[in-house]
Amino acid sequence: MPNYTANIRDMQFVLHELLKISGQDVPGYADLERAFTEAVLDAAGKVASEVLAPLNAVGDHEGCKLENGAVRVPAGFDKAFAAMKEGGWTALDCNPDYGGQGMPYVINCAVGEMFVSANMAFNMYQGLTHGAVSAIEAHGTEAQKATYLPKMVACDWTGTMNLTEPHCGTDLGLLRTKAEPQADGSYKITGTKIFISAGDHDLAENIIHLVLAKVPGGGEGTKGISLFIVPKVLVNADGSLGARNAVSVGKVEHKMGIHGSATCVMNYDGATGYLLGDLHKGMRAMFTMMNEARLGVGLQGYAVAEAAYQAALAYAKDRLQGRAVTGVANPAGPADPLIVHPDIRRALMDQKSFLEGARAFTFWGATLIDRAHGLKDAEAEGLISLMTPVIKGFLTDKGFEACVQAQQVWGGHGYIEEQGMSQFVRDARITMIYEGANGVQALDLVGRKLAAEGGKPLMGFFEMVKAECKAHDGDDRMKPFTDPLKAASKQMQAAGMFFLQNAAKNPDAALSGSYDFMHLMGHVCLGLMWTRMAAAAHAALEGGASDRAFYEAKITTGRYYMARHLPACGLHLARIESGSETVMGLSVDQF
Ligand SMILES: Cc1cc2nc3c(=O)[nH]c(=O)nc-3n(C[C@H](O)[C@H](O)[C@H](O)COP(=O)(O)OP(=O)(O)OC[C@H]3O[C@@H](n4cnc5c(N)ncnc54)[C@H](O)[C@@H]3O)c2cc1C
């Protein structure tokens, strides 16, 4: 089974040399000095490789089982969950008022990357709880916060998000789950939710379900939707656990990947629920956590690919096949290792250049979230809203692709389950689907985000790219970065112009190109990250940094991304400018 070791060196580079976090004016950032983050990441890395990674294949093989109405998680998950709680890893960036450690979100992301790489399915139990904690903290009454948050921050109680129903996933306006007001101010919740992650399990004494439901008379579509707290076990006034609520598990889904994560059909049969936030404003309440939740899924996309890449790299160094075309590299052996072959190098460079760019992009996004929350910085809020569908959609598409490439390096052995490469591919696949399928992310990007605030965040992004290129004017070492970045940014602007000129008269023309635009913009964002990373690496080399090999590799890896991936922007633009004629040209019967 593949081993996993957290890439702490690269994380430290991103946090301190690229983002310079301890110098930023965001609350809590001054404490994030290099030695401090090194200690935190080191400790988290040990948990990831020693506690979580050994359970990754166990979770995949065993899956979750429904027995006598209760879900049992794979063997060993309980001990690992207890260890995570004891180490405070589940409460890293939670509010200290409720028992959290109060660290900035960016640190939670770095640690989260390691935990997801080591065992994505396991990490879902605390990940979902984190989302529910954020929702209750943002929208709960003081009494609700006091009742639920200390237990949930400690992960003694876990949380879920219940949106999806059998007939509605993307189109939540269709949802049917009903909430009927009761004389005591509570509601009776009735309906069926499907695909609920961590819907039931034996890791916690209670599960706090956040459920979207409609109160009769609330209006059509998404307008009439409210959000409710529905505990699995009702909580008494003194905080102790009371009677079982009328919530039950209908089924645990048998699915392609993340077998260790219990994906449940949940039946609410007149269950007691409590309104969270304002009546009929449930969608708005859900959307306040959207940037964080979607960034978390984008992170999953590349974090699984990081683990797959490590396994591919180890195999490429070890497996002997063929001889190098430029001369024998391993005369003592019967053949040379795979890594001598240019095509294997291409596959490894594709993965490495994507992963390091994705990490920088995600951590940068996390600093925007910290800035938006901590400083109420409207510019950062606008920028992260624009970036969110790209982080989610682009990084999960490319993360999946990277997992397939890693599997390909293993040849036929990658297709054999016991080697572990197939699990990475199967696990990564869901990231493209849940938390808003990627096609819908592209729709959100082109349909809403580009024009948000009169296009101010988009213009701000173009200015940022321009300023970055200008900062390196006359520096020949930076031309392999700035030239492709300038060209790609122009292509992105041309695509935006095409939408502007065509969307009003023919909305299909814009939406036929939305997926390509998401990818075009993803490349520009990673191109910007690589330009900044290359500049930081050059600065370190000039400053006499001792680990020259790290910085030289950084520059070469970045040049690879710019030379080999940014040209894709031209293809995306050509597709966008071809409009909708061929996309929508067939009648339904002609398919
Ligand atoms: C393992 C797993 C875990 C999950 N966990 C949770 C959870 O914890 N809580 C929860 O509430 N849900 C959860 N989900 C549900 C998930 O979020 C939905 O499956 C997802 O949002 C898509 O909804 P759907 O499956 O109904 O697809 P549909 O909405 O039917 O969409 C089908 C396809 O059509 C596309 N599409 C839909 N509408 C449009 C449009 N207007 N324009 C263009 N394309 C469109 C979509 O992109 C998609 O590719 C989970 C799902 C899985 C498989």
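First listed ligand is number 1; within each ligand, the first listed atom is number 1. Below, all heavy atoms of this structure are taken into account, side chains as well, without hydrogens, waters or symmetry copies.
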Checklist entry - So, Thr396 and Gln300: side-chain donor and acceptor under 3.5 Å apart, yes or no? => result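 No - no donor-acceptor pair under 3.5 Å links their side chains.
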Checklist entry - Which residues satisfy the salt bridge (charged side-chain N to carboxylate O under 4.0 Å, His left out) test with Asp93, sequence neighbours excluded? => result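 By the salt bridge (charged side-chain N to carboxylate O under 4.0 Å, His left out) rule, Asp93 matches no residue at all.
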Item to check | Amino acids contacting ligand 1, non-hydrogen cut-off under 4.0 Å | outcome: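 For ligand 1, the residues that come within the 4.0 Å heavy-atom cutoff are Met161, Asn162, Leu163, Thr164, Gly169, Thr170, Phe195, Ile196, Ser197, Lys255, Thr263, Ile430, Ile433, Tyr434, Glu435, Ala437, Val440, Leu443.
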Next on the checklist: Can you tell whether the side chains of Arg575 and Asp516 come within less than 4.0 Å, N to carboxylate O?
Outcome noted: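 Counted as a salt bridge, because a side-chain N and a carboxylate O are separated by less than 4.0 Å.
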Next on the checklist: Any carboxylate oxygen within less than 4.0 angstrom of a Lys/Arg side-chain nitrogen, looking at Glu435 and Lys392?
Outcome noted: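 Judged by the 4.0 Å cut-off on N to carboxylate O distance, Glu435 and Lys392 do not form a salt bridge.
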Item to check | Option from Phe394, Phe498, Phe499 for which ring pair (Phe, Tyr, Trp, His ring centres under 6.0 Å) with Phe517 holds | outcome: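 Single pass found, and it is Phe499.
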Next on the checklist: Here's a test for you: under side chain to side chain donor-acceptor pair (under 3.5 Å), which of Arg72, Lys232, His209 qualifies with Asp200?
Outcome noted: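 Among Arg72, Lys232, His209, the one that satisfies the side chain to side chain donor-acceptor pair (under 3.5 Å) with Asp200 is Lys232.
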